[in-house]
Structures are given as C-alpha cells and as structure tokens.
Amino acid sequence: MQPMRKTISLIITIFSLIAVFLIPIETIQAAVPSSYDLVTAVNDLRANNGLSALVTDGSLMAAAQGQADYLASIGPNIGNGHEGPGGNRAVDRAIAAGYPVVQGVQIIECWAQTLSSTSLETVIYSIWNDPDHMGVMLHQYGVHVGAGVAEADGKIYYILNVATVWGSSNGSGTALPTSDLTPKVVPVDVATPQPDGSIIHVVQPGQALWSIAIAYGVTVEQIRLLNSLPDNAIIYEGQELLIRMASTATPTHTITPTPRQSTRTPIPPRTPDAVTTPTPAGMGSSLLGDIDRQTLGLVLILVCGAGLALVLLGTFRKGKE
C-alpha cells in the first residue's frame, strides 16, 4: 500500500502544477474612480455636515479634467499641483473653459496625487482631512463644482474645483444670484468636410473650445495643436479653427451639419487619455494562445488521469495475486 500512496501523491502534485501553470487565471483590478464619483463623495461629505450639494458645472468639469490630465502628463515633475500649463491658476482655467467669473465669484481648488490602490475615501477623509482642503469641500458659499481624475504610471491624479459666491462675508449683505452663473451653451453646428477632407469650423458667438471639441468628437488639446493656440487661448467670433487636416484621399462620406440641443450645464465627456486602465499581466497573449494552453492542460490532465487509473488497476491486480 505504501508504494501506491506515494504514486497517488505524485499524481496529485502533477495535477496541481498543471492547474497553476496551464489554466489561465484572470486578474481582477479595482476600477479607477471617475470625476463624478469624486463629486458624489464631496456632496456626501457636505450632506453629513448639513450643507447643500454643489451643482456640477460643465465648464468647471472641463477645466478640472484638463488640469488632471496635465498633472498626469508631467508625473514626477509636479512642483505645484495648482499650477497648470504656463503657470496658470484654477481661476484662469475656469475662465478659459467658459465659466463666468464675475465680481464676488471665486474658484478654489484641491488636488492630490495617490497610488492607484488608494481609495477615494482615503483621499476625501485622510489626504484632504485638514482645514485648508476641508475648507474647500465644505465651503458654506460653494455653488458649483467641477472634478477631474486621470491615471498614469500606477498613480491617480485628482482635481476638485469649487466656485464660491460670496454674500454677507464680503460686507455686501446680499449673495449674488447663482442662476446667472451657469454659462448658456450655444449649439455647435458641425461643418461639412472640404473636398480635400479637411474640416474648418467658424466660431459663432458664445462658443468655447471645449464645446466645439465635444461637437466634433476631438479634444481641446488637438484643436490647440492644429491651430498653434496657446494654453489659455481665447477664441473669437468668426475665427476659423482647423478641426481636421486634409487627407490624401477624397473622403467617401460627408458630415451633415446637425445642430446640437443646448443644455444648461453641459458635462463634457472624458477624453480617451483622461483615465487609463493598466493592462493585466498576461493579457498580451492572443486568444489562440490561451486556447492552446487550455487544450494542452486538458490533454495532460486526461493523460495523468489515465496513468492513475492504470496504476490503481495494476496495484489492485497484484493485491489479488
């Protein structure tokens, strides 16, 4: 019986090795929080402290996401997370994105750089758990909010912009009307491509770079590069913006101008490079490679199973003899 036990133990070990090395195992990774998750977490914090929720503003969302993307692009070279391209500030970025900063309105900001494994709750209740950051999130005169989240090289970059409207604290005794702070969105009619495939957009009154970028499905940065615009460029009525360069072949289809219905507080979609998801180890192999490994694993399991059956059968016969 002793030799049989050793044989069975050896076969079990072989089965275990096959299961470990030949059967694919998928790695489940935690999802990166979105900018809207950050807004929700901040509004939950405000609710727990008896304050009204901040209203999401499209211009502030665009400004915050742009800063998060910028911080992710410079990574370890961050000196001051409140400084954007060219040294601009949160209020400069808000104005460039189309938010109407008038007298009595102030843009305040939080930023953080964390490991991808750090939870959003840790950012809110630990990293930002100091008077300065809590003062931004729990500002009693906070009205509008914008948030941005970007990931790069195993780190997540958070930006929170809060627009405050000062009332009695500035001595006036009357708060500014908040209903006038949300910019009116002017519909963007998508231009028809030129015969050479290029697309040129003529700026209309009230349009901003971010709203034009959304209409054409491109990023603000792409429009800036194509037109050699500075980071804080202000566009004007009648200005011609190159949206797409000329192609070598004549396009086979045209884009029919379609007016986009305006909304009060547009929320621009995140650009493809706003949030990146790391590729799990081993996912670079092709589907055919995975199938081959599974097939090989099953064949080896069947062979080992047949071998085990033969060993047991031979042992049984010897016992009878």
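All values below were derived from every heavy atom in this structure, side-chain atoms included, with hydrogens, water molecules and symmetry-related copies excluded. All values derive from a computational prediction rather than experimental measurement.
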* Asked: Side chains of I156 and V123: does their closest heavy-atom pair fall under 4.5 Å?
  -> no

* Each residue besides I200 in its hydrophobic cluster should be listed here, by chain and number; the cluster joins Ile, Leu, Val, Met, Phe, Trp and Tyr at side-chain heavy-atom distances under 4.5 Å. => L226, L242, M245

* Structure fact -> Between the CD atom in Q204 and the CD atom in Q239, the distance rounded to the nearest 0.5 Å is 12.0 Å

* What's the spacing between Q113 CD and T118 OG1 if we round to 0.5 Å? -> 10.5 Å

* Apart from Y157 itself, what residues make up its hydrophobic cluster, given side-chain heavy atom links below 4.5 Å? -> Y70, L71, I74, I78, W111, I159

* To do: Starting from the C-alpha separation in whole Å, work towards a yes-or-no answer on side chain to side chain contact (heavy atoms under 4.5 Å, CB included) for E221 and I223.
  => CA-CA 5 Å; E221 184 64 19; I223 297 179; over 6 Å; no

* Structure fact -> Which of V105, V91, N161 passes side-chain contact (heavy atoms from CB on, under 4.5 Å) with Y99? Answer is V105

* Asked: Roughly how far, to the nearest 0.5 Å, is OG1 of T192 from CG of D189?
  -> 10.0 Å

* Asked: So if you build clusters from Ile, Leu, Val, Met, Phe, Trp, Tyr with side-chain heavy-atom gaps below 4.5 Å, do V101 and V165 land together?
  -> yes

* When rounded to the nearest 0.5 angstrom, what is the spacing between CG in D153 and OG in S116? -> 9.0 Å

* Partners of T114 by side chain to side chain donor-acceptor pair (under 3.5 Å), sequence neighbours excluded? -> none

* **Nearest heavy atoms of G197 and P193, plus distance in Å** => O-CB, 4.3 Å

* Residue pairs involving residues 105-128 (criterion salt bridge (Lys or Arg N to Asp or Glu O under 4.0 Å); sequence neighbours excluded) -> R93-E109

* Asked: L115, L120: one ILVMFWY side-chain cluster at the under-4.5 Å cut-off?
  -> no

Contacts under 3.5 angstrom, residues 38-48 side chains, donor-acceptor by atom type, not counting sequence neighbours:
residue	atom	partner	partner atom	Å
T40	OG1	Y36	O	2.9
N43	OD1	L54	N	2.7
N43	ND2	L54	O	3.3
R46	NE	S52	O	2.7
R46	NH1	M137	O	2.9
R46	NH1	H139	O	3.0
R46	NH2	S52	O	3.1
R46	NH2	H139	O	3.3
N48	ND2	D44	O	3.2

* Asked: If Ile, Leu, Val, Met, Phe, Trp and Tyr residues are connected whenever their side-chain heavy atoms lie under 4.5 Å apart, and connections chain through other members, are L160 and Y125 in the same group?
  -> yes

* To do: Please examine the side chains of E151 and V149, heavy atoms only from C-beta on, and report whether any two atoms are closer than 4.5 Å.
  => no

* Can you tell me how far CG of N129 sits from CE of M134, rounded to the nearest 0.5 angstrom? -> 4.5 Å

* Rounded distance (nearest 0.5 Å) linking atom NE2 of H133 with atom OG of S126 -> 12.5 Å

* When the ring planes of Y216 and H201 are compared, do they come out parallel, tilted or perpendicular, using 30° and 60° as the limits? -> perpendicular

* To do: Please determine, by modelled atom types, if S35 and Q65 share a side-chain donor-acceptor pair under 3.5 angstrom.
  => no

* **Residue list, side chain to side chain donor-acceptor pair (under 3.5 Å) with D37, at least two apart or on another chain** => S34

